[in-house]
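So that the names make sense, note that chain A is the first sequence line, chain B the second, and so on, each numbered from 1. These numbers come from a predicted model, not from an experiment. Computed over heavy atoms, backbone and side chain alike; hydrogens, waters and symmetry mates excluded.
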Amino acid sequence: MKRRRFFKVSGVAGGGLVLGIGCMQCAEPEVRRKVLEMPETWHEINSYLKIGNNGVVTIYSPNPEIGQNVKTSMPMIVAEELDVDWENVLVEQAGLNTEWFSRQVAGGSQSIRKEWLSLREGGAKARQMLINAAAQQWNIDASSCSTDNGYVIGPDGQKLGYGELADAAAALEIPESVELKSNDSFTKIGKSHQNVDGLKIATGKPLFGIDTQREGMVYASVLRPPAFGKSLESYDDKRAREVNGVIDIIKFGNKIAVIAQSNWQAMKAKKLLEAKWSSLSLESTADHDQILTKLLDESTNESFRKDGDVNQAFADADEVVSRVYESPFLPHNCLEPMNFYASVTDEKVELHGPIQTPAWCRSRVSKILDRPEEEIEVTMTRMGGGFGRRLYGDFSDEAAEISSLAKRPIQLLFTREDDMTAGTYRPAIKYKIEASIKDGSITGYRLSEASINSNMYGLIPNFFPAGAIPNLEVRGHKYDSNITTGAWRAPYTNFLAYAEQSFFDELADQLSKDPVDLRMELYEAAIPVAEEDDNIEYEPKRMQGVLQLAVEKSGYGNKPSNVHQGVSVYYSHNTHVAEIADVVVENGTPRVVKVTCAVDCGILVNPIAAKNQVEGGIIDGIGHAMYGELSFDNGKPSADNFNRYRLIRNMEAPEIDVHFVDSKVDPTGLGEPSLPPAGGAVANALYRATGKRIYKQPFVKELEVLG
Amino acid sequence: MASYTISINNQKKTVEVDPDTPLLWVLRDELNLKGTKYGCGIGQCGACTVLVDGNASRSCSIQVKDAIDLNITTIEGLSEDGTHPLQNAWIEHDVPQCGYCQAGQIMSAAALLKKNANPTDQDIQEAMHGNICRCGTYLRIRAAIKTAAKNA
Ligand code: FES
Ligand code: FES
């Protein structure tokens with residue numbers, strides 16, 4: 001099934017050889033255990049940092065930490081420009097402060113990309129203030145001074161530590177503009193730095209929202225409708241109130257909150273509530289299935305992108321290939337279930353917990369409680385996963401409402417069952433992809449999306465293959481459902497990439513081309529178009545670059561005959577990624593044994609953590625493509641805990657070999673981009689191994705069906 | 001409510017709770033040992049793993065009334081100062097992403113190394129099967145266990 005490859009890359013990523021950064025850097029850091037002595041006084045220099053009189057620096061990490069490593073990598077960028085010994089740096093999670101920080105959001109893999117310059121300026125300005133303070137003291141020109149790892153150095157070798165200068169520096173004006181370091185003089189960026197919370201995590205310190213413990217706090221568990229489309233009619237709480245420790249039971253909206261002295265008592269009492277629910281409109285997966293199939297064929301005037309004339313191309317074609325791909329709803333299943341602390345008093349509202357969007361949380365609570373935003377304080381904890389679920393503050397809304405009604409500080413905790421059944425799911429989606437072939441090349445392409453509640457957004461319709469095929473149309477339809485849906489790690493592309501990359505694999509076969517060659521040719525064709533068309537966001541040369549690197553590193557085309565390789569390349573969240581999966585068949589069962597991955601995310605900030613993100617994204621992508629499925633029967637989710645919902649486990653994770661393109665351009669994010677291509681790489685490798693195409697997630701079910 | 005005395009990290013602790021209270025919630029809410037995590041409550045995710053007489057056990061699935069004669073070790077009691085070979089290896093390999101599952105992972109690994117000082121890849125994967133990592137840090141977990149076994 002392997003074909004010889006003919007295609008030669010002409011001008012990859014600037015015309016040269018693509019260098020992979022190996023993981024030499026990933027092995028180097030030592031266990032960090034130095035216990036820092038606390039200073040007597042702290043001096044606030046700017047919104048990113050304060051310096052103690054003994055030279056210890058606290059850097060505030062502005063963005064919420066959901067496991068994407070921003071709490072380590074963002075302060076690293078500040079420390080780089082500040083020129084301070086990382087061993088002398090403490091990191092603190094900043095609370096919500098819209099005056100200090102412009103974008104305190106964990107979402108869209110944008111933290112590093114969007115804050116890259118402001119983090120660097122924050123560090124550089126602080127450094128300049130320290131230099132200015134020293135120059136004043138020495139009565140010399142600031143431009144004659146430099147810094148060295150926590151010290152300002154004068155022209156005659158004078159030396160003052162940042163700690164000695166902090167007081168004076170804090171009183172100075174923050175400079176308007178500063179010069180930033182040149183990229184080739186970085187000493188921290190590009191070197192591996194271990195997680196600043198690593199020791200705390202490994203020793204079980206209370207870091208997470210669920211660990212919150214405050215004076216006078218009690219616990220809340222909420223009974224919500226058992227199915228989407230049901231509404232609370234009446235309830236009897238007599239038995240629930242008999243449970244030890246129950247303080248109060250309060251109805252709010254369509255829900256009932258049980259407030260108790262402990263989590264267990266609240267959960268136990270909740271089970272004894274007897275509620276009657278009325279049914280409004282109950283939806284089922286079987287109905288969605290039919291509705292979405294019908295929507296796929298609906299023509300529409302509104303396209304997300306239209307190039308040339310697809311209908312004409314299809315009419316003129318030698319052949320039109322058409323395939324439909326299907327995916328189910330997915331819950332996020334953050335391992336730390338949703339929870340939040342709220343204390344609502346007449347004076348103020350305190351909200352504390354795991355949230356990806358603290359500013360949005362505050363504005364919503366302000367409306368719900370009718371309190372001005374100034375009275376509301378939001379602080380963020382480390383999060384036991386986000387994946388998009390914690391963008392939506394339904395849990396912080398609930399906590400605020402319950403605290404306000406109960407007139408007590410409360411910690412709201414979702415049980416796993418609550419978490420899985422009251423989700424904001426990745427919507428079920430179907431794609432129909434059609435392509436016309438004429439004289440051995442692809443002349444037209446149409447992607448139709450049918451989705452629950454919303455369609456692909458932003459520039460996704462302008463991702464590959466836009467620009468690579470002259471006649472192209474992307475269109476979408478949606479069905480409004482009462483099942484709540486939302487962003488799920490790499491929204492839309494988490495499934496679209498698999499559909500598209502499987503489709504191109506099939507087209508390659510149809511055209512008797514190697515799957516790598518076909519992609520390389522299409523990127524080549526897109527190069528001039530992308531130069532003209534600003535909407536096209538991916539860079540065809542960087543696509544070629546990652547694919548070439550993955551081909552080299554994976555031994556593509558040179559594997560023993562029992563190893564079957566599947567190729568997938570995808571651009572999302574500003575990062576280009578290629579993945580090649582290796583499948584072997586053992587005792588008749590195909591198994592993914594290895595994934596080779598090449599990533600172009602610009603400058604690599606923290607290699608050891610970057611690699612972790614890439615590995616995690618691939619494992620997540622494979623896990624959900626293979627096993628993930630949630631369906632609905634009369635509004636009721638098919639699973640409510642991990643006994644009925646399969647997540648990928650240790651022994652199912654393949655070996656992963658990650659390489660980064662050595663790049664000098666500004667960095668982009670890594671929280672999401674390695675996930676989308678994973679499903680396609682696996683599906684294509686499974687096809688090479690079994691001769692069977694998979695058109696539907698989860699793959700395990702299809703493999704069973706396919707036999 | 002009743003009074004129970006249990007042995008946690010070599011200390012006797014007495015709590016006043018209902019007999020059916022899971023050990024997990026006794027640890028977290030009564031004893032303020034927050035390192036042991038809640039993930040599913042039904043023995044499926046491993047986030048709540050503790051050592052019971054040296055074996056990896058899911059504390060969400062042990063009622064306090066059944067815990068009185070047991071020797072329980074939590075992540076807080078795994079080492080005095082956070083230098084258990086597994087804790088060192090976890091930091092060295094930079095295993096955590098969100099970090100939520102990791103205490104449970106480390107406790108499962110600790111039980112494995114107690115019984116099997118030199119586990120094979122397969123031993124490790126089997127022993128860690130009950131611990132979900134939603135962030136997908138499985139490869140580093142495997143590598144860290146190997147390093148810890150070497151350094152133990
Ligand atoms: S909480 Fe005990 S196994 Fe999940
Ligand atoms: S590190 Fe997030 S669940 Fe394991």
Side-chain angles (χ1 to χ4, degrees), chain A residues 29-32 65-69 192 194-195 197-199 201-208 210-211 213 219 244 262-265 267-268 333-337 382-387 413 415-416 608-609 612-613 615-620 623 641-643 647-651 653 655-656, chain B residues 1 17-18 20-22 24-26 28-30 32-42 44-45 47 74-76 78-79 82-84 86-88 90-92 94-103 106 122 124-126 128-142:
Chain A
E30 291 283 296
V31 174
R32 173 186 158 134
E65 172 65 64
I66 56 176
Q68 82 283 44
N69 200 252
S192 287
Q194 287 152 340
N195 197 315
D197 283 338
L199 180 61
I201 290 168
T203 52
K205 293 285 177 303
L207 291 169
F208 298 92
I210 196 174
D211 304 334
Q213 190 79 62
Y219 299 86
N244 281 329
S262 75
N263 277 305
W264 174 247
Q265 291 164 332
M267 291 180 197
K268 196 170 142 183
N333 285 331
C334 303
L335 203 57
E336 178 191 16
R382 189 175 184 88
M383 283 175 248
F387 310 107
L413 174 64
T415 62
R416 173 56 57 195
I608 196 170
N612 207 351
Q613 290 304 304
E615 290 166 358
I618 292 171
I619 290 172
D620 192 3
N641 208 324
F642 298 132
N643 54 345
L647 285 171
I648 190 167
R649 289 178 184 263
N650 197 311
M651 62 174 64
E655 181 195 339
I656 296 174
Chain B
M1 298 267 249
V17 288
D18 286 327
D20 63 352
T21 310
L24 166 67
W25 294 111
V26 172
R28 291 185 54 83
D29 288 356
E30 309 298 323
N32 200 22
L33 292 169
K34 305 285 193 192
T36 307
K37 296 293 190 254
Y38 166 70
C40 69
I42 59 165
Q44 291 286 321
C45 76
T74 69
I75 185 74
E76 291 90 347
L78 186 63
S79 66
T83 56
H84 186 282
L86 282 163
Q87 291 169 318
N88 286 343
W90 242 250
I91 295 167
E92 185 188 324
D94 208 33
V95 174
Q97 285 186 31
C98 81
Y100 192 77
C101 71
Q102 301 296 349
I106 291 173
Q122 192 168 347
I124 291 173
Q125 290 174 31
E126 279 169 12
M128 302 308 291
H129 189 68
N131 289 78
I132 291 173
C133 175
R134 176 65 183 84
C135 301
T137 64
Y138 294 127
L139 307 179
R140 290 181 182 214
I141 289 169
R142 291 181 203 162

For chain B, which candidate among [options] shows the most heavy-atom pairs at distances under 4.5 Å?
| options | value |
| --- | --- |
| A/C334, A/G386, A/P337 | A/P337 |
| A/N612, A/I619, A/N641, A/N244 | A/N612 |
| A/M383, A/M267, A/R382 | A/R382 |

Under the side-chain hydrogen bond (donor to acceptor under 3.5 Å, both in side chains) test, residues paired with B/T137 that sit two or more places apart: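 For B/T137, the residues satisfying side-chain hydrogen bond (donor to acceptor under 3.5 Å, both in side chains) (neighbours in sequence not counted) are B/Q102.
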Most contacts with chain A, counted as non-hydrogen pairs under 4.5 angstrom, among B/A103, B/G35, B/C40: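 The option with the most such pairs is B/C40.
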Among B/V26, B/L24, B/D20, residue most engaged with chain A (heavy-atom pairs, under 4.5 Å): B/D20
First locate atom [atom1] of [X], then atom [atom2] of [Y], and finally report the distance between them rounded to the nearest 0.5 Å.
| X | Y | atom1 | atom2 | value |
| --- | --- | --- | --- | --- |
| B/N32 | A/Q213 | CG | CD | 4.5 Å |
| B/R142 | A/M651 | CZ | CE | 9.0 Å |
| B/I91 | A/Q194 | CD1 | CD | 7.5 Å |
| B/T21 | A/K268 | OG1 | NZ | 6.0 Å |
| A/R649 | B/C45 | CZ | SG | 8.0 Å |

Answer whether the closest heavy-atom distance between the side chains of A/L207 and B/K34 falls below 4.5 Å.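 No, every pair of side-chain atoms sits at 4.5 Å or beyond.
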Answer yes or no: is there a side-chain heavy-atom contact under 4.5 Å between A/E655 and B/L139?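 No, side chains not in contact.
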Closest approach of [X] and [Y], non-hydrogen atoms and distance?
| X | Y | result |
| --- | --- | --- |
| A/I210 | B/Y100 | CD1-OH, 3.4 Å |
| B/Y38 | A/T415 | OH-CA, 3.2 Å |
| A/I201 | B/C98 | CD1-O, 4.3 Å |
| A/T203 | B/Q87 | CG2-NE2, 3.6 Å |
| B/D29 | A/N263 | OD2-N, 3.0 Å |
| A/A202 | B/W90 | CB-CB, 4.4 Å |

Has the side chain of B/D94 got a donor or acceptor atom that lies under 3.5 Å from a matching backbone atom of A/N195? yes
Are the side chain of B/Q97 and the backbone N or O of A/N69 linked by a donor-acceptor pair below 3.5 Å?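 No, the answer is negative, given that no donor and acceptor are paired below the 3.5 Å cut-off.
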Side chain / backbone / both / neither for [X] at chain B, heavy atoms under 4.5 Å:
| X | result |
| --- | --- |
| A/I648 | both |
| A/D620 | side chain |
| A/Q68 | neither |
| A/I656 | both |

State plainly whether the residues A/K205 and B/E76 are in salt-bridge range, i.e. N to O under 4.0 Å. no
Between B/Q125 and A/N650, do the side chains contain an N or O donor and an N or O acceptor separated by less than 3.5 Å? no
By salt bridge (Lys or Arg N to Asp or Glu O under 4.0 Å), A/D211 pairs with (sequence neighbours left out) B/R28, B/K37
Which atoms of B/E30 approach chain A - backbone, side chain, both or neither, heavy atom under 4.5 Å: side chain
With salt bridge (charged side-chain N to carboxylate O under 4.0 Å, His left out) as the criterion, how do B/R134 and A/E336 come out once you've worked through the C-alpha distance, each side chain's angles and the decisive distance to 0.1 Å? CA-CA 9 Å; B/R134 176 65 183 84; A/E336 178 191 16; over 6 Å; no
